[in-house]
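Below you'll find the structure, written out as C-alpha cells, and then a few comments.
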Amino acid sequence: MMDTSRLSVYLQSLEEENKGILGELEKEAIQGYVPIIKKETQSFLRTILQIHSPQNILEIGTAIGFSAVYMGTYTGKETQITTIENYAKRIPIARNNIQRAEMENKITLIEGDAKDVIEGLEETYDFIFLDGAKGQYIYYLPVLLRLLREGGILLTDNVLQEGDILESRYGIKRRDRTIHGRMREYLYAIKHHKSLTTSILPLGDGVALSIKNEEK
Ligand SMILES: C[S@@+](CC[C@H](N)C(=O)[O-])C[C@H]1O[C@@H](n2cnc3c(N)ncnc32)[C@H](O)[C@@H]1O
C-alpha cells in the first residue's frame, strides 16, 4: 500500500515558498497554531482559480486571512472576495492582515456565524471556498447551492478528517462521532446531488471539488 504521509512530504517539498506578505502570514499562522490551508491545497486552489477566473468569491472561515489574501493574490483586479469569520479574537488580526496586503478594496470580511450570514446573502458567487466548521457543512449546503451560480465551483477543504472518514462510527472517538457522521452525510450529499458534479481528492486534508451543473 502507498505510504501517503511520505508522499505528502515529497509533494510538499516540490512546492514553492510563499513570498512577501503571503509568506509572512503563513509563518505567523503556523507560529500561532492557526489552522490554514496546506501547501498542496494552496497550489490546487491557485490552479483552480487560474482555470476558472472567478469574479465573485465567497469564503467561509477566514481565520487570520491567509487564504483570502492568497485568493486575492491569484485572481484578477476586478475579483471580489467576501469572507466570513465568527471567532472574535481572529477578526481584528484578519482585518489588519487584509490591510497589510493592501486588499481592503478586494476583500470584505463579514463577522458572524456563517449559517446566519450566508442566509442573508443575496448575490451569486462563481467560486465558494468552504473552510469553516466541518460539522456545519451539511447544513450550509442548500444555501450554498442557492448562492452558487450555474457553472460555479464549490471547493470544500478538510473532508477526509486525517483519514478517519473511512472508519466506522465505532472506530471514532466518541467526542468526534457527530462531526464524522455529518461529514459522511455531506460527502454523500455532494456526490449524489443532481445539481453537482463532485470529485473528492486525498490532497492535504482532503478536498472536494464540486461544480454546479447547468440546468438543461
Ligand atoms: C480552518 S480555519 C480557516 C483557515 C483559512 N481559510 C485559511 O486557510 O487561511 C476555519 C475557521 O472557521 C472559523 N469558523 C468556525 N465555525 C464558524 C462559523 N460557524 N462561522 C464563521 N466562522 C467559523 C474558525 O473560527 C476558523 O478561524
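We count residues from 1, following the sequence as given. Ligands are counted one by one from 1 in listed order, and the atoms in each one are counted from 1 as well.
- The part of E59 lying near ligand 1 is the side chain, judged by heavy-atom distances below 4.0 Å.
- At a 4.0 Å heavy-atom cut-off, ligand 1 touches R90 through the side chain alone.
- Residue G132 approaches ligand 1 through these ligand atoms, each under 4.0 Å from one of its heavy atoms: 12 (O).
- With contacts defined as side-chain heavy-atom distances shorter than 4.5 Å, the pair L145/H193 qualifies.
- Of all atoms in ligand 1, numbered sequentially from 1 with element shown, those under 4.0 Å from a heavy atom of G112 are 20 (N), 21 (C).
- Close approach to A114 involves these atoms of ligand 1, each under 4.0 Å from a residue heavy atom: 18 (C), 19 (N), 20 (N), 21 (C).
- Between E26 and Y70 there is no side-chain heavy-atom pair separated by less than 4.5 Å.
- Only side-chain heavy atoms of Y140 come within less than 4.0 Å of ligand 1; its backbone N, CA, C and O stay farther off.
- Counting heavy atoms under 4.0 Å from ligand 1, residue I60 does not touch it at all.
- Applying side chain to side chain contact (heavy atoms under 4.5 Å, CB included) to L154 and the options L209, L141, L58 leaves one that passes, L141.
- Atoms of ligand 1 lying under 4.0 Å from at least one heavy atom of S67, given by number and element, are 5 (C), 6 (N), 7 (C), 8 (O), 9 (O).
- The shortest N/O to N/O separation between N158 and ligand 1 does not fall below 3.5 Å.
- Residue contact check: Y87 has heavy atoms under 4.0 Å from atoms 25 (O) of ligand 1.
- Given atom 8 (O) of ligand 1, the protein heavy atom at minimum distance is I37 N, 2.9 Å.
- For ligand 1, the atoms sitting less than 4.0 Å from at least one non-hydrogen atom of D113 are 19 (N), 20 (N), numbered in the order shown with element in parentheses.
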Check your understanding: Given the rule in the side chain to side chain donor-acceptor pair (under 3.5 Å) test, do E40 and Q12 qualify, once you have shown the distances and angles that lead to the verdict?
Key -> CA-CA 6 Å; E40 315 87 292; Q12 288 196 6; 2.9 Å; yes
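- Taking every non-hydrogen atom of A133 and a distance limit under 4.0 Å, the qualifying atoms of ligand 1 come out as 15 (C), 16 (N).
- The shortest side-chain heavy-atom distance between Y125 and I57 does not fall under the 4.5 Å cut-off.
- Look at T83 and you'll find every heavy atom at least 4.0 Å from all atoms of ligand 1.
- Using a 4.5 Å cut-off on side-chain heavy atoms (C-beta onward), R100 and L25 make contact.
- Shown in contact with I36 at under 4.0 Å from a heavy atom are these atoms of ligand 1, numbered in order with element: 7 (C), 8 (O), 9 (O).
- Heavy-atom minimum distance, Q80 versus N105: NE2-O, 3.0 Å.
- Using a 4.0 Å cut-off between charged nitrogen and carboxylate oxygen, K38 and E15 do not count as a salt-bridge pair.
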